[in-house]
Chemist: 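This is the structure, below, for whatever I ask next.
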Amino acid sequence: MGQKCHPYGFRVGITRPWTSRWYARKKDFGKYLVEDQRIKRFIKSRLPQAGISKIEIERGGEETNIFLHSSRPGVVIGKKGAEIDKLREELAKFGNTDNKKIQVNIREITKPEVDAQLVAEGVAEQLLKRASFRRAMKKAVETCQSQGALGVKIKCGGRLGGAEIARTEEYRVGSLPLHTLTADVEYGTAEAKTPYGVIGIKVWIYKGTIQETKEVVADGADA
């Protein structure tokens, strides 16, 4: 059997921070954990066109901070901030956030072409439009490389092209040091629910090496 590890979880505490940052007593830990997952699922379903790649949650005292990493912050904010105010009110209704101040902060993704989660969702969207999976994968890889990615791997699995037997195909270009802890490797997954069945997409993008100064340096470049 293959032994696989999530590239992000593999580096937590070394070159990556936790996406949920809070402290809770034993009796409340499970509640907060489940609530974090509910909040993340709700935001993703509530703003499907906002290009949200990552959601971070911080809890402290009487305040809960939610950070949305979005490629289209205007969709999240809405006209005169109407959408973000409505979102804040809806999030305040979740269980353990009662009587707590909710702050929603938006962080813009300047290069969505090299964000693994957004690339995976982009490929899934093309598959839903009945595009060729090979063409979609190749185009995504070429776009990532043109934006400075040092290595890209995209893997699709399922009834590709409507075939009777499910299979897995991948497209890989450049280097991808998955065992190097200082490597800045992004990972994203998405699902395309086609008439033939669900097709899973996985994307790995290697951007360079993270030095002790927390700066990403391309291979061969001066730190």
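Because only heavy atoms are used, hydrogens play no part in the values below, and waters and symmetry mates are left out as well, while side chains stay in.
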Chemist: Does the side chain of Asn65 come within less than 4.5 Å of Glu63's, by heavy atoms?
Modeler: yes
Chemist: In the single-linkage hydrophobic clustering (I, L, V, M, F, W, Y; side-chain heavy atoms under 4.5 Å), do Val141 and Val203 co-cluster?
Modeler: yes
Chemist: Could you walk me through whether Trp204 and Leu178 pass the side-chain contact (heavy atoms from CB on, under 4.5 Å) test, one step at a time?
Modeler: CA-CA 9 Å; Trp204 293 258; Leu178 296 179; 3.7 Å; yes
Chemist: Counting N and O atoms only, with roles assigned by atom type, does the side chain of Arg11 sit under 3.5 Å from a partner on the main chain of Pro7, one being a donor and the other an acceptor?
Modeler: yes
Chemist: Using the side-chain contact (heavy atoms from CB on, under 4.5 Å) rule, take Trp18 and Arg21 through it: C-alpha gap first, then chi angles, then the decisive distance, then the call.
Modeler: CA-CA 6 Å; Trp18 294 95; Arg21 296 180 287 274; 4.2 Å; yes
Chemist: Do NZ/NE/NH1/NH2 and the carboxylate oxygens of Lys129 and Glu125 come within less than 4.0 Å?
Modeler: yes
Chemist: Does Glu35 come within less than 4.0 Å of Arg59, counting only side-chain N to carboxylate O?
Modeler: yes
Chemist: Testing the basics here: between Glu186 and Val114, what is the closest heavy-atom pair and its distance to 0.1 Å?
Modeler: OE1-O, 3.7 Å
Chemist: Nearest 0.5 Å please: distance from the OG1 atom of Thr182 over to the CD1 atom of Ile210.
Modeler: 8.0 Å
Chemist: If you compare all heavy atoms of Leu150 against all heavy atoms of Gly208, which two are closest, and at what distance to 0.1 Å?
Modeler: CD1-CA, 3.7 Å
Chemist: Is His179 atom NE2 crowded by more than 12 heavy atoms from other residues, nucleotides or ligands, each under 6.0 Å away?
Modeler: no
Chemist: Over all heavy atoms of both residues, which pair between Ile205 and Asp115 is shortest? Give the atoms and the distance, please.
Modeler: CD1-C, 4.1 Å
Chemist: Any salt bridge linking Lys40 with Glu56? Criterion: basic side-chain nitrogen under 4.0 Å from a carboxylate oxygen.
Modeler: no
Chemist: Is it true that Val173 and Val185 fall in one hydrophobic cluster, defined by side-chain heavy atoms closer than 4.5 Å?
Modeler: no
Chemist: Please determine if Glu191 and Lys202 form a salt bridge, counting it only when a charged side-chain N lies under 4.0 Å from a carboxylate O.
Modeler: no
Chemist: Quick one: salt bridge (charged side-chain N to carboxylate O under 4.0 Å, His left out) pairs with a partner in residues 146-160, sequence neighbours left out?
Modeler: Lys155-Glu170
Chemist: For Ile109 and Leu118, work out which heavy atoms get closest and say how close.
Modeler: CD1-CD1, 4.0 Å
Chemist: Is Tyr32 close to Val34 at the side-chain level, that is, under 4.5 Å between some pair of heavy atoms?
Modeler: no
Chemist: Flag the pair Ile57 / Ile39 as yes when at least one side-chain heavy-atom distance between them is below 4.5 Å, and no otherwise.
Modeler: yes
Chemist: Would a hydrophobic clustering, with Ile, Leu, Val, Met, Phe, Trp and Tyr connected at side-chain separations under 4.5 Å, put Ile14 with Val12?
Modeler: no
Chemist: Can you tell me how far CD1 of Ile66 sits from CD1 of Ile102, rounded to the nearest 0.5 angstrom?
Modeler: 5.5 Å
Chemist: With a cut-off of 6.0 Å (strictly less than), are more than 12 heavy atoms of other residues, nucleotides or ligands near OH of Tyr187?
Modeler: yes
Chemist: Tell me if the NZ atom of Lys86 is crowded by more than 12 foreign heavy atoms within 6.0 Å.
Modeler: no
Chemist: Any donor and acceptor pair, going by atom type alone, linking the side chain of Ser70 with main-chain N or O of Ala50 inside 3.5 Å?
Modeler: yes
Chemist: Verify the cluster assignment for Phe133 and Tyr196: are they in a single hydrophobic cluster under the rule of side-chain heavy atoms below 4.5 Å apart?
Modeler: no
Chemist: Counting C-beta onward and ignoring hydrogens, is there a side-chain heavy-atom pair between Leu68 and Ile43 closer than 4.5 Å?
Modeler: yes
Chemist: With rounding to the nearest 0.5 Å, note down the distance linking CZ in Arg38 to CG in Leu33.
Modeler: 12.5 Å
Chemist: If I compare all heavy atoms of Thr194 with all of Leu127, which pair ends up nearest, and what's the gap?
Modeler: CG2-O, 4.3 Å
Chemist: Is there a side-chain contact between Leu160 and Ile199, using heavy atoms and a 4.5 Å cut-off?
Modeler: yes
Chemist: Less than 4.5 Å apart, side chain to side chain, heavy atoms only: is that true for Cys144 and Lys139?
Modeler: no
Chemist: Report yes if the side chains of Arg134 and Glu169 come closer than 4.5 Å at any heavy-atom pair, otherwise no.
Modeler: yes
Chemist: Which distance, rounded to the nearest 0.5 Å, do you find between the NZ of Lys54 and the CZ of Phe67?
Modeler: 11.5 Å
Chemist: Considering non-hydrogen atoms only, spot the tightest contact between Ile154 and Ala140 and give its length.
Modeler: CD1-CB, 3.6 Å
Chemist: Can you confirm whether Ile201 sits close enough to Val119 that some side-chain heavy atom of one is under 4.5 Å from a side-chain heavy atom of the other?
Modeler: no
Chemist: Between Tyr8 and Pro17 (side chain of the first, backbone of the second, donor and acceptor by atom type, cut-off under 3.5 Å), is there such a pair?
Modeler: yes
Chemist: Supply the atom-to-atom distance Ser146 OG to Glu113 CD, rounded to the nearest 0.5 angstrom.
Modeler: 7.5 Å
Chemist: Run through Arg72, Arg88, Arg46 and flag the one making a salt bridge (Lys or Arg N to Asp or Glu O under 4.0 Å) with Glu83.
Modeler: Arg46
Chemist: Just verifying a value: how many Å separate Ile84 CD1 and Gln103 CD, rounded to the nearest 0.5 Å?
Modeler: 9.0 Å
Chemist: By side chain to side chain donor-acceptor pair (under 3.5 Å), which residues pair with Trp22, not counting sequence neighbours?
Modeler: Asp36
Chemist: Under a 4.0 Å N-O cut-off, is there an ion pair linking Glu62 with Lys101?
Modeler: no
